[in-house]
Novice: 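Right, I'll just put the structure down here and ask away after.
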Amino acid sequence: MAFSLPDLPYPHDALAPKGMSRETLEFHHDLHHKAYVDNGNKLIAGTEWENKSLEEIIAGTYQPGAVAQNGIFNNISQLWNHNEFWQMMTPGESRIPGELERAITESFGSVQEFKTQFNAQGVGQFGSGWVWLVKDKDGSLKITKTENGVNPLCFGQTALLGCDVWEHSYYIDFRNKRPGYLTNFLDNLVNWDNVASRM
């Protein structure tokens, strides 16, 4: 079962008024995301993982404590990460639903404090990686950061919100200003209804 590149849930230029340009989506989705799909399919062909789900492959190929992960994990995990990432953004207006806002406030003190901590973790991720809002195994909400393609599935956590901090995700629009990219993501791009649906 070969994986395919999912269509974006909105036109390529739909996020441009909110700070993520058509050019960024053309490069990020059409080239980077597609490369993970193509490379992942090639690497799993003829292996025990060929007919497994993305989640099964991620769980089965992740190597805890490894400095560098294997090629199958890297590509399949990044494929999953990006599938989720596009769904976590919206061109429309999206307010934080009341129940999610209460959960965030209880966990972090306020929505603004959550944003401050999320931004700090994203900025603090050295090199390439992701920053996440997760629901941990005990049901608590936490902010985590992961290197390269590692994601919350590797730790038995539920990914509620994730932001790609690889340079290809922001360099066209924000150059080297990762803090500005993260602030814009949280203030303008997040599909909070999608986040709430993952609770």
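Heavy atoms only: backbone and side chains are in, while hydrogens, waters and symmetry mates are out.
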Novice: Please report the C-alpha distance between Trp132 and Thr146 in whole Å, then the side-chain angles of each, then the deciding distance to 0.1 Å, and finally whether the side chain to side chain donor-acceptor pair (under 3.5 Å) criterion is met.
Specialist: CA-CA 8 Å; Trp132 307 91; Thr146 57; 2.9 Å; yes
Novice: Under the salt bridge (Lys or Arg N to Asp or Glu O under 4.0 Å) rule, what pairs show up with a residue in residues 166-185, not counting sequence neighbours?
Specialist: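 Every candidate salt bridge (Lys or Arg N to Asp or Glu O under 4.0 Å) pair involving residues 166-185 fails, so no pair, neighbours aside, qualifies.
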Novice: For Asn119 and Thr183, does a side-chain donor sit closer than 3.5 Å to a side-chain acceptor?
Specialist: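 A pair is found: one side chain offers a donor N or O, the other an acceptor, under 3.5 Å apart.
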Novice: Once salt bridge (Lys or Arg N to Asp or Glu O under 4.0 Å) is applied, what residue pairs with a partner in residues 106-124 remain, sequence neighbours excluded?
Specialist: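 Of all non-adjacent pairs touching residues 106-124, those that pass salt bridge (Lys or Arg N to Asp or Glu O under 4.0 Å) are Lys115-Asp187.
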Novice: Kindly state whether the ring of His82 and the ring of His28 have centres lying under 6.0 angstrom apart.
Specialist: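 Ring centroids of His82 and His28 are less than 6.0 Å from each other.
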Novice: Taking the side chain as everything from C-beta on, heavy atoms only, tell me whether Phe185 gets closer than 4.5 Å to Leu161.
Specialist: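 Yes; the side chains approach each other to less than 4.5 Å.
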Novice: Would one find more than 12 heavy atoms of other residues, nucleotides or ligands at under 6.0 Å from atom NZ of Lys52?
Specialist: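 Counting other residues, nucleotides and ligands, NZ of Lys52 stays at 12 neighbours or fewer.
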Novice: Could you grab the distance from atom CG of Leu54 to atom CG of Leu153, nearest 0.5 Å is fine?
Specialist: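 So the gap between those two atoms works out to 9.5 Å.
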Novice: For the atom pair NE2 (His168) and OG (Ser128), what is the distance rounded to the nearest 0.5 Å?
Specialist: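 If I round to the nearest 0.5 Å, the distance is 8.0 Å.
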Novice: Hey, does Trp130 have a side-chain heavy atom less than 4.5 Å from the side chain of Pro152?
Specialist: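 Side-chain contact under 4.5 Å: no.
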Novice: Could you state the interatomic distance from OH (Tyr36) to CH2 (Trp80), rounded to the nearest 0.5 Å?
Specialist: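 These two atoms lie 14.5 Å from each other.
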Novice: Provide the full list of ring pair (Phe, Tyr, Trp, His ring centres under 6.0 Å) pairs with a residue in residues 56-75, sequence neighbours left out, each pair given once.
Specialist: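 Residue pairs passing ring pair (Phe, Tyr, Trp, His ring centres under 6.0 Å), neighbours aside: Tyr62-Phe73, Tyr62-Phe155.
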Novice: Go through the structure and list residues passing side-chain hydrogen bond (donor to acceptor under 3.5 Å, both in side chains) with His12, not counting sequence neighbours.
Specialist: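 Residues passing side-chain hydrogen bond (donor to acceptor under 3.5 Å, both in side chains) with His12: Asp30.
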Novice: Applying side-chain hydrogen bond (donor to acceptor under 3.5 Å, both in side chains), name anything that partners Glu26, two or more places apart in sequence or on another chain.
Specialist: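 By the side-chain hydrogen bond (donor to acceptor under 3.5 Å, both in side chains) rule, Glu26 matches Arg22.
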Novice: Tell me, please, which residues at least two apart from Asn75 pass side-chain hydrogen bond (donor to acceptor under 3.5 Å, both in side chains).
Specialist: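 Expected list: none.
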Novice: Would you compute the distance between atom CZ of Phe108 and atom CG of Leu141 and round it to the nearest 0.5 angstrom?
Specialist: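 Between Phe108 CZ and Leu141 CG, I get 5.5 Å after rounding to 0.5 Å.
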